[in-house]
There are 2 protein chains.
Amino acid sequence: MAKFIDVHRGMEGITADQLMEAHRADLAIEADESVHFRHAWADPETGTVYCLSEAPSAEAVQRVHERAGHRADEVHQVTLEA
Amino acid sequence: MAKFIDVHRGMEGITADQLMEAHRADLAIEADESVHFRHAWADPETGTVYCLSEAPSAEAVQRVHERAGHRADEVHQVTLEA
C-alpha cells in the first residue's frame with residue numbers, strides 16, 4: 001500500500017483533545033476508502049498538522065479527511081523512506 | 001525529548017540513494033547536537049522531504065541539517081500526537 005503525508009494548516013491553538021477527536025473521526029470512516037491513518041503530529045504554534053497514512057491514492061486520503069470535516073491543504077505520496 | 005518535523009522543498013527527482021545518503025549524513029553528526037533523526041519520507045514528484053526527529057530545539061535540528069549540507073525550509077516542533 002502506498003504511503004502519504006498530508007498537511008493541514010491554519011490549526012493554530014489546536015489542543016490534544018481536538019487532535020485526538022479529528023484522528024478518531026478519520027479512523028471511524030477510513031475503511032470505506034481502504035485508507036489507514038497511522039499517525040498524526042501537530043504544531044499548535046504554527047497551526048500545522050501532519051498525518052501519515054497508507055492508502056490506495058491521494059484522492060482516497062482526501063475523501064476521508066473531507067468527510068471527517070477537515071480537508072487537507074496538501075497530500076503527498078511519499079514513495080521514498082529512510 | 002521534544003519531537004520535530006522538518007520540511008525540505010525543491011527536491012524534485014530525489015532518488016532513494018540520495019535520500020539515504022542525506023539521512024546518513026545527518027545521522028553521522030546528529031549526536032553533536034543531541035538530535036536523533038528517526039525517519040525521513042520523500043515525495044520526489046513535488047520535491048518535498050519530511051524528517052521526524054527528537055531534539056532539544058528546532059535550532060539544533062537545523063544546525064545538523066545545515067552542517068550536513070541541506071538546510072530545512074521549515075522546522076516544526078510537534079507537541080501533540082495521535
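Labels below follow one simple rule: chain letters A, B, ... track the order of the sequence lines, proteins then strands, and each chain is numbered from 1. No hydrogens, no waters, no symmetry mates; every other heavy atom, side chains included, goes into these values.
- Cluster annotation: A:Tyr50 and A:Phe4 are assigned to distinct hydrophobic clusters (Ile/Leu/Val/Met/Phe/Trp/Tyr, side-chain heavy-atom contacts under 4.5 Å, transitive).
- Only the side chain of A:Leu52 comes within less than 4.5 Å of a heavy atom of chain B; its backbone N, CA, C and O stay farther away.
- No continuous path of hydrophobic side-chain contacts links A:Met11 to A:Met20 [ILVMFWY only; heavy atoms under 4.5 Å].
- Ranked by heavy-atom pairs under 4.5 Å with chain B, the first of A:Val7, A:Leu19, A:Ile14 is A:Leu19.
- Contact of B:His39 with chain A is made through backbone and side chain together, with heavy-atom distances under 4.5 Å.
- Interface remark: B:Val49 contributes no atoms to any contact with chain A (heavy atom separation under 4.5 Å).
- Rounding to the nearest 0.5 angstrom, the gap separating the CD1 atom in A:Ile5 from the CG atom in B:Asp43 is 9.5 Å.
- Proximity to chain B at a heavy-atom threshold of 4.5 Å picks out A:Glu74, A:His76, A:Gln77, A:Val78, A:Thr79, A:Leu80, A:Glu81, A:Ala82 from residues 73-82 of chain A, in numerical order.
- Around the CD atom of B:Glu45, the shell of radius 6.0 Å holds no more than 12 heavy atoms that belong to other residues, nucleotides or ligands.
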